[in-house]
Amino acid sequence: MQGPDVSRILSRWPYPEAAVAAYSSAMTAAFNYPEARSAIESAMSDYAAGRRLDARSLLAHLESLGPECGVHGYTMRMLPLIAALDAAEEKYRERGLSGEMFRDSFADLLWKTLECGRRHGVWGSTAALWTWGFFEFRIFGLGRLQFEPVEYAGAPALSVHIPSSGPLRHPDCADSYARAADFFGQRRFVCDSWLLHPVCHGLPDGSGIRSFAADYELQFVTDDPKFLDVWNIFGCAWTGSAADLPADTTLRRLWRDYLLRGGVPGRGYGLYESF
């Protein structure tokens with residue numbers, strides 16, 4: 001039993017052929033294993049019917065079944081998300097949301113697939129639970145950026161997320177802010193990201209990161225000794241030694257030098273409300 005037509009479902013986005021093949025093979029393997037098939041089919045049915053779905057438990061359960069199915073856990077965690085995409089598109093239509101907004105939002109599955117491929121050599125996701133937020137209509141993609149309603153300092157705001165979907169161009173970001181202001185009726189934005197860390201002030205004035213950060217008023221900086229963002233900046237694991245990090249771009253040299261001087265990695269939290 002093959003299960004959902006992965007190739008057709010993912011054709012809405014530019015997935016690598018190898019990723020589509022891997023997901024298709026994994027879906028077939030899962031649907032040939034009764035427990036995995038039952039979990040995915042139940043999730044598809046519950047989501048389509050609007051019933052409550054415990055995504056955390058579902059994803060953990062499917063990951064645990066990976067060895068039985070002969071499929072990597074990161075890949076298994078993506079299967080129910082892929083299987084639910086048709087229902088998600090229908091829910092978008094029912095709410096009067098555009099096809100462009102649907103594709104922008106659920107492109108997150110593609111970005112997480114590519115990240116997992118780069119970091120682990122596996123087509124899958126280490127952040128499938130995060131992506132489930134799009135299915136629950138908590139997070140929306142609007143052009144280059146993603147937005148999630150939150151509260152900051154006692155007032156509503158939109159938390160801004162920056163997917164790893166390519167260059168960070170200021171005109172693209174400005175377009176996303178304008179779309180978000182129109183869609184949410186909210187012009188107050190917050191962002192928690194390494195892009196807002198003061199060390200990035202050392203980038204050239206014309207850099208996309210510098211332009212993005214310039215819109216925000218820094219509220220505070222959070223230290224992260226584990227350096228969870230090392231992959232985003234350096235494309236490799238953190239060994240605890242800055243000397244081991246590559247220095248082949250301006251951004252990487254800037255961060256590497258900062259760390260070599262004893263700087264602590266971290267993230268900046270910024271507020272943008274002058275839009």
Side-chain angles (χ1 to χ4, degrees), residues 50 52-56 88 91-92 94-98 100-109 111-112 127-201 203 205 207-229 232-233 264-275:
R52 182 183 178 278
L53 180 62
D54 185 347
R56 183 182 298 275
K91 289 177 181 293
Y92 261 61
E94 290 171 354
R95 288 165 171 76
L97 304 177
S98 70
E100 179 185 18
M101 191 172 176
F102 167 77
R103 290 186 295 274
D104 283 352
S105 294
F106 290 93
D108 195 71
L109 278 76
W111 312 138
K112 296 301 186 289
L129 184 61
W130 149 260
T131 300
W132 189 251
F134 291 90
F135 289 86
E136 294 181 324
F137 297 90
R138 290 188 290 106
I139 312 167
F140 295 87
L142 292 163
R144 179 64 181 85
L145 304 174
Q146 301 166 342
F147 301 90
E148 179 181 10
V150 296
E151 184 176 284
Y152 174 65
L158 294 174
S159 180
V160 178
H161 307 290
I162 309 100
S164 57
S165 56
L168 193 62
R169 299 186 177 94
H170 195 261
D172 295 337
C173 294
D175 175 68
S176 286
Y177 292 130
R179 295 192 200 189
D182 181 63
F183 179 70
F184 292 99
Q186 173 62 257
R187 304 170 72 87
R188 188 170 187 257
F189 304 93
V190 293
C191 184
D192 177 19
S193 174
W194 64 268
L195 300 171
L196 301 185
H197 193 282
V199 71
C200 291
H201 293 170
L203 290 168
D205 288 341
S207 76
I209 293 174
R210 182 79 179 272
S211 297
F212 176 85
D215 287 331
Y216 288 83
E217 179 182 348
L218 185 64
Q219 305 294 290
F220 56 85
V221 173
T222 303
D223 289 343
D224 176 24
K226 294 183 179 180
F227 204 3
L228 299 179
D229 286 308
N232 296 319
I233 301 171
V264 179
R267 305 164 68 85
Y269 193 97
L271 172 66
Y272 175 31
E273 53 185 349
S274 61
F275 173 77

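In what follows, residues are counted from 1 in the order of the sequence shown.
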Would you say that Asp223 contacts Pro265 through its side chain, given a criterion of any heavy-atom pair below 4.5 Å between the two side chains? no
Verify whether the ring centers belonging to Tyr152 and Tyr269 lie closer than 6.0 Å. yes
So, do Trp194 and Leu228 sit near enough that their side-chain heavy atoms are less than 4.5 Å apart? no
Using 30° and 60° as the class boundaries, would you call the ring planes of Tyr177 and Tyr272 parallel, tilted or perpendicular? perpendicular
Atom CZ of Arg138 with >12 non-hydrogen neighbours under 6.0 angstrom: yes
From CZ (Phe106) to CG (Asp104), nearest 0.5 Å: 11.5 Å
Rounding to 0.5 Å, atoms CG (Asp224) and NE2 (His197) come to a distance of 9.5 Å
Student check: side-chain heavy atoms of Phe135 and Lys91 closer than 4.5 Å: no
How long is the straight-line distance from NZ of Lys112 back to OG of Ser164, given to the nearest 0.5 Å? 6.5 Å
Looking at every non-hydrogen atom in both residues, tell me the closest pair between Trp132 and Ala55 and how far apart they are. CD1-CB, 3.4 Å
Steps toward side chain to side chain contact (heavy atoms under 4.5 Å, CB included) verdict (Cys173, Leu168): CA-CA 7 Å; Cys173 294; Leu168 193 62; 3.6 Å; yes
Side-chain heavy atoms of Pro198 within contact of Leu218, under 4.5 Å: yes
Begin from the C-alpha positions of His161 and Asp108 and carry the test side-chain hydrogen bond (donor to acceptor under 3.5 Å, both in side chains) through to its verdict. CA-CA 11 Å; His161 307 290; Asp108 195 71; over 6 Å; no
Below 4.0 angstrom, N of the basic side chain to O of the carboxylate: do Arg267 and Asp229 qualify? yes
Heavy-atom distance under 4.5 Å between the side chains of Leu158 and Val150, does that happen here? no
Could you tell me whether Glu100 and Arg179 have a side-chain N and a carboxylate O separated by less than 4.0 Å? yes
How long is the span from the OG atom in Ser193 to the CD1 atom in Ile162, to the nearest 0.5 Å? 4.5 Å
Salt bridge (Lys or Arg N to Asp or Glu O under 4.0 Å) for Asp205 and Arg210? Distances and angles first, verdict last. CA-CA 6 Å; Asp205 288 341; Arg210 182 79 179 272; 3.1 Å; yes
Here the pair of heavy atoms bringing Gly141 nearest to Ser105 is N-OG, 2.8 Å
Go through Ile139 and Trp130 one step at a time and tell me if the side chain to side chain contact (heavy atoms under 4.5 Å, CB included) criterion holds. CA-CA 9 Å; Ile139 312 167; Trp130 149 260; 3.4 Å; yes
Ring centroid separation for Phe102 and Phe134, is it under 6.0 angstrom? no
Does the side chain of Phe183 come within less than 4.5 Å of Phe147's, by heavy atoms? no
Given the rule in the side chain to side chain contact (heavy atoms under 4.5 Å, CB included) test, do Arg188 and Leu271 qualify, once you have shown the distances and angles that lead to the verdict? CA-CA 7 Å; Arg188 188 170 187 257; Leu271 172 66; 3.9 Å; yes
Main-chain N/O of Met101 paired to Ser98 side chain as donor or acceptor, under 3.5 Å: yes
Less than 4.5 Å apart, any side-chain heavy atom of Pro163 and any of Arg144? yes
Under a 3.5 Å distance rule, please check whether Gln219 uses its side chain to pair with a backbone N or O of Glu217 as donor and acceptor. yes
Please evaluate residues Ser207 and Phe212 with respect to the criterion side chain to side chain contact (heavy atoms under 4.5 Å, CB included), reporting the C-alpha separation (whole Å), side-chain torsions for both, the decisive distance (0.1 Å), and the verdict. CA-CA 9 Å; Ser207 76; Phe212 176 85; over 6 Å; no
For the residue pair Leu145 and Phe189, establish whether any side-chain heavy-atom pair is separated by less than 4.5 Å. no
